[in-house]
Amino acid sequence: MKAITIVKTGAAHPQVIAQHGDFEDWIRQGLGISVQQTAIADVRYGAPLPDEPQAIVVTGSRTLVTDPTDWSEGTARWLRRQHEKNVPILAICYGHQLLAQALGGTVEDNPNGLEFGTVQITATAAAADDELLGCLPQSYAAQTTHSQSVIEVPKGAAVLAGNAHDSHQAFRAGVRSWGVQFHPEFSVPIMQTYLDRNEEDLKAQDRDVDALRAAICASPAGNLLGRFAEIAGLVVIED
């Protein structure tokens, strides 16, 4: 049976997991595939990565790409090999940064600081006919929580989306390797729980928590997951 490999590079906060499950649960639901069509590889604990994956989704993580570990560097080398074989890759948040760095890009602390909550993203002209991000409107809301960003995308990569906080919210490298800084797998309840969990820290940073809470809304970015499943060949693409 064809399966998507979800590369688990981290876990949500325990409070979030207790209410909603973890990254791989939300990703699988968004992909619209069964447990039998999903292979989970928790690379933090030495899970092996397949030599010939059907397709790959890389999760977010509370680990920083700029603090490399044996498992992150091994995963980066594996991603580079799969990219060279044109295996479909969708890398999210930390995964987006790890993929960019693996392919020669640069990741650093975002000079604008933490980006958190539902934000507005603007597609670039290159996104209009992109196989994956072309399913999104020219401007859309997306869920975010990150303090590091892709400062330079890999050489030859197409920037597909950005905003004032982060000009590289999405990119495509080669034919079918995508990175997105935002979280297409986050629902409104998940984003609300993330805000609850981080409320005191956000207040300590003089963030307007009430405004952040009021801005949370549904995002069409979730459509990326179902579209990626189509690209991976797990469902029939209907033109």
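- The shortest side-chain heavy-atom distance between His146 and Asp166 falls under the 4.5 Å cut-off.
- For the pair His20/Pro189, a side-chain contact is recorded, criterion being any heavy-atom separation below 4.5 Å from C-beta on.
- Not a single donor-acceptor pair under 3.5 Å links the side chain of Asn198 to the backbone N or O of Asp201.
- Residues Gly113 and His165 come closest through the heavy atom pair O-NE2, 2.9 Å.
- Between Ile56 and Val7, the closest side-chain pair of non-hydrogen atoms falls below 4.5 Å.
- The two residues Gln143 and Ser219 make their nearest non-hydrogen contact at NE2-CB, 3.9 Å.
- For Thr69 and Ser72, the side-chain atoms include at least one donor-acceptor pair closer than 3.5 Å.
- Residues that satisfy the side chain to side chain contact (heavy atoms under 4.5 Å, CB included) test with Ala41, not counting sequence neighbours, are Thr5, Ala47, Leu49.
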Please assess Arg176 against Ile89 for the test side chain to side chain contact (heavy atoms under 4.5 Å, CB included), listing each intermediate value before the final yes or no. CA-CA 6 Å; Arg176 289 186 169 182; Ile89 300 171; over 6 Å; no

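- Ion pairing of Lys203 with Glu199 is present here, as a side-chain N (NZ or NE/NH1/NH2) and a carboxylate O approach within less than 4.0 Å.
- Between Ile6 and Thr59, some side-chain heavy-atom pair lies under the 4.5 Å cut-off.
- Of all heavy-atom pairs between Thr9 and Trp71, the closest is O-CH2, 3.4 Å.
- Shown here are the side-chain hydrogen bond (donor to acceptor under 3.5 Å, both in side chains) partners of Ser61, two or more places apart in sequence or in another chain: Thr63.
- Salt bridge Glu230/Arg227: present, at least one basic N to carboxylate O contact under 4.0 Å.
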When the side chains of residues 94-103 are checked against the rest of the protein, which donor-acceptor pairs come out under 3.5 Å, sequence neighbours left out?
| unit_1 | atom_1 | unit_2 | atom_2 | d |
| --- | --- | --- | --- | --- |
| His96 | ND1 | Gly179 | O | 3.3 |
| His96 | ND1 | Val180 | N | 3.2 |
| His96 | NE2 | His168 | O | 3.3 |
| Gln97 | NE2 | Gln148 | O | 2.8 |
| Gln97 | NE2 | Gln181 | OE1 | 3.0 |

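- Counting all heavy atoms, side chain and backbone alike, Phe23 lies closest to Ala12 at CE1-N, 3.5 Å.
- When the side chain to side chain contact (heavy atoms under 4.5 Å, CB included) test is applied to Glu108, the partners found at least two apart in sequence or on another chain are Thr106, Ile151.
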Working note: Gln120 + Ser139, criterion side chain to side chain contact (heavy atoms under 4.5 Å, CB included); need CA distance, chi angles, decisive distance, verdict. CA-CA 7 Å; Gln120 289 298 312; Ser139 179; 3.7 Å; yes

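- In this structure, CZ in Arg172 is found 5.5 Å from CG in Leu160, a value given to the nearest 0.5 Å.
- The two atoms that bring Ala3 and Gln54 nearest to each other are O-CB, 3.0 Å, heavy atoms only.
- Salt bridge annotation for Lys8-Asp22: present, with a cationic side-chain nitrogen under 4.0 angstrom from a carboxylate oxygen.
- In the hydrophobic clustering of this structure, Leu90 does not group with Val43; members are Ile, Leu, Val, Met, Phe, Trp, Tyr whose side-chain heavy atoms approach within less than 4.5 Å, directly or through other members.
- Tyr140 and Val159 are not part of a single hydrophobic cluster, where members link through side-chain heavy atoms under 4.5 Å apart.
- Within the 4.5 Å cutoff, the side chain of Phe182 has no heavy atoms near those of the Val119 side chain.
- Side-chain contact between Leu132 and Leu224 is present, with heavy atoms from C-beta onward closer than 4.5 Å.
- Two different hydrophobic clusters hold Leu79 and Trp178 under the rule that ILVMFWY side chains link at heavy-atom gaps under 4.5 Å.
- In this structure, CD1 on Ile4 lies 8.0 Å from CD on Gln37, to the nearest 0.5 angstrom.
- Side-chain atoms of Thr38 come within 3.5 Å of backbone N or O of Ser34 as a donor-acceptor pair.
- The 12-atom threshold is not exceeded at CG of Asp70, counting heavy atoms of other residues, nucleotides or ligands nearer than 6.0 Å.
- With sequence neighbours excluded, the residues that form a salt bridge (charged side-chain N to carboxylate O under 4.0 Å, His left out) with Lys85 are Glu52.
- Contact annotation: the side chain of Glu115 approaches that of Gln169 to within less than 4.5 Å [non-hydrogen atoms, C-beta and beyond].
- Using a 4.5 Å cut-off between side-chain heavy atoms of Ile, Leu, Val, Met, Phe, Trp and Tyr, with links allowed through other members, Ile27 and Val58 fall into different hydrophobic clusters.
- The side-chain heavy atoms of Ile40 and Arg28, taken from C-beta on, include no pair separated by under 4.5 Å.
- Here Gln15 pairs with Gln19, Thr193, Asp196, Arg197 under the side chain to side chain contact (heavy atoms under 4.5 Å, CB included) rule; sequence neighbours left out.
- With hydrogens and angles ignored, the 3.5 Å screen pairs no side-chain donor or acceptor of Thr118 with any backbone N or O of Ala141.
- The aromatic ring centroids of Trp26 and Phe186 lie less than 6.0 Å from each other.
- Both Val16 and Leu212 belong to a common hydrophobic cluster when Ile, Leu, Val, Met, Phe, Trp and Tyr are linked at side-chain heavy-atom distances under 4.5 angstrom.
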Please determine whether side chain to side chain contact (heavy atoms under 4.5 Å, CB included) holds for the pair Trp78 and Glu73, giving the CA-CA distance in whole Å, both sets of side-chain angles, and the decisive distance to 0.1 Å. CA-CA 9 Å; Trp78 178 80; Glu73 292 187 330; over 6 Å; no

What's the verdict on side chain to side chain donor-acceptor pair (under 3.5 Å) for His13 and Arg62, showing C-alpha distance, side-chain angles and the deciding distance? CA-CA 9 Å; His13 290 287; Arg62 284 177 280 169; 3.2 Å; yes

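- With Ser149 contributing its side chain and Asn110 its backbone, the two residues share no donor-acceptor pair below 3.5 Å.
- When all heavy atoms are compared, the tightest approach of Ala55 to Val87 is CA-CG1, 3.9 Å.
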